[in-house]
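In this chain, residues are counted from 1 in sequence order.
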Amino acid sequence: MAKQRTIDVWDDTMSNPVPCRDERCDARILWYEIVKSGKRMCFEGSAVPLMTKTDEQTGRLIAVMDHDDNHWRSCPGADHFRASRR
């Protein structure tokens with residue numbers, strides 16, 4: 001059985017749910033800032049953290065998310081967005 005992939009995001013950076021910009025996708029997505037990189041990552045609006053923990057240095061809450069809840073895994077326009085960033 002494969003190990004579940006997780007990603008740590010700052011809980012206080014969660015955006016309000018917004019509609020995906022792809023006209024074929026009706027998903028509502030949430031944006032979070034990734035702890036390690038500072039980049040933003042989108043998740044399905046129904047995504048729930050697997051657990052939360054507190055960063056010892058800053059006291060900020062970290063949400064541990066299932067990497068498979070990343071919106072780009074299910075969005076029909078994911079390739080379009082990747083290509084447009086080049």
Side-chain angles (χ1 to χ4, degrees):
M1 185 170 158
K3 183 179 176 185
Q4 182 178 31
R5 289 179 22 179
T6 61
I7 189 160
D8 291 352
V9 296
W10 294 114
D11 187 67
D12 59 2
T13 64
M14 181 182 75
S15 70
N16 289 324
V18 294
C20 178
R21 291 185 294 157
D22 186 278
E23 63 276 353
R24 297 168 293 166
C25 182
D26 63 352
R28 305 283 292 169
I29 55 177
L30 303 170
W31 288 92
Y32 287 92
E33 181 181 323
I34 300 169
V35 172
K36 270 188 174 179
S37 68
K39 294 181 180 181
R40 292 173 16 115
M41 183 177 223
C42 57
F43 291 89
E44 296 291 331
S46 60
V48 177
L50 300 171
M51 63 181 255
T52 57
K53 56 188 178 183
T54 303
D55 181 64
E56 293 179 13
Q57 293 178 342
T58 64
R60 289 173 73 187
L61 196 60
I62 295 172
V64 179
M65 305 294 286
D66 184 338
H67 196 277
D68 288 342
D69 286 340
N70 179 343
H71 174 64
W72 300 131
R73 288 184 51 89
S74 64
C75 181
D79 290 336
H80 169 74
F81 290 109
R82 275 190 216 105
S84 68
R85 294 187 71 171
R86 289 182 190 161

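- Here the straight-line distance linking atom OG of S15 with atom CZ of R40 works out to 6.5 Å at 0.5 Å rounding.
- Looking at heavy atoms from C-beta onward, C42 lies in side-chain contact with N70 at the 4.5 angstrom threshold.
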Could you please spell out the steps behind the side chain to side chain contact (heavy atoms under 4.5 Å, CB included) verdict for T6 and M51? CA-CA 10 Å; T6 61; M51 63 181 255; over 6 Å; no
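- From S74, atom OG reaches atom CD1 of I29 across 9.5 Å, with rounding to the nearest 0.5 Å.
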Test side chain to side chain contact (heavy atoms under 4.5 Å, CB included) on M41 and Y32 and set out the steps. CA-CA 5 Å; M41 183 177 223; Y32 287 92; 5.6 Å; no
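- Rounding to the nearest 0.5 Å places CG of L61 at 10.5 Å from OG1 of T13.
- In terms of heavy-atom proximity, R28 sits nearest to P17 at NH2-O, 3.2 Å.
- Between E33 and G38, the shortest heavy-atom distance links the atoms CG-O, 3.5 Å.
- Linking Ile, Leu, Val, Met, Phe, Trp and Tyr whenever their side-chain heavy atoms come within less than 4.5 Å leaves V9 and W31 in two separate clusters.
- Rounded to the nearest 0.5 angstrom, T54 OG1 and D11 CG are separated by 10.0 Å.
- Between E44 and A27 the shortest heavy-atom distance is OE1-CB, 3.6 Å.
- Residues I34 and L30 share a single hydrophobic cluster, defined by chaining ILVMFWY side chains whose heavy atoms lie under 4.5 Å apart.
- The main-chain N or O of H67 is never found under 3.5 Å from a side-chain atom of R5 such that the two would form a donor-acceptor pair.
- In this structure, C20 and H71 approach most closely via the heavy-atom pair SG-NE2, 3.4 Å.
- Hydrophobic clustering (side-chain heavy atoms under 4.5 Å, transitive across Ile, Leu, Val, Met, Phe, Trp, Tyr) keeps M65 apart from V35.
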Between D8 and K53, is the side chain to side chain contact (heavy atoms under 4.5 Å, CB included) condition met? List the steps. CA-CA 9 Å; D8 291 352; K53 56 188 178 183; 3.1 Å; yes
Working note: W10 + I62, criterion side chain to side chain contact (heavy atoms under 4.5 Å, CB included); need CA distance, chi angles, decisive distance, verdict. CA-CA 5 Å; W10 294 114; I62 295 172; 3.7 Å; yes
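- A pairwise comparison of heavy atoms in T52 and A63 identifies CG2-CA, 4.3 Å as the closest pair.
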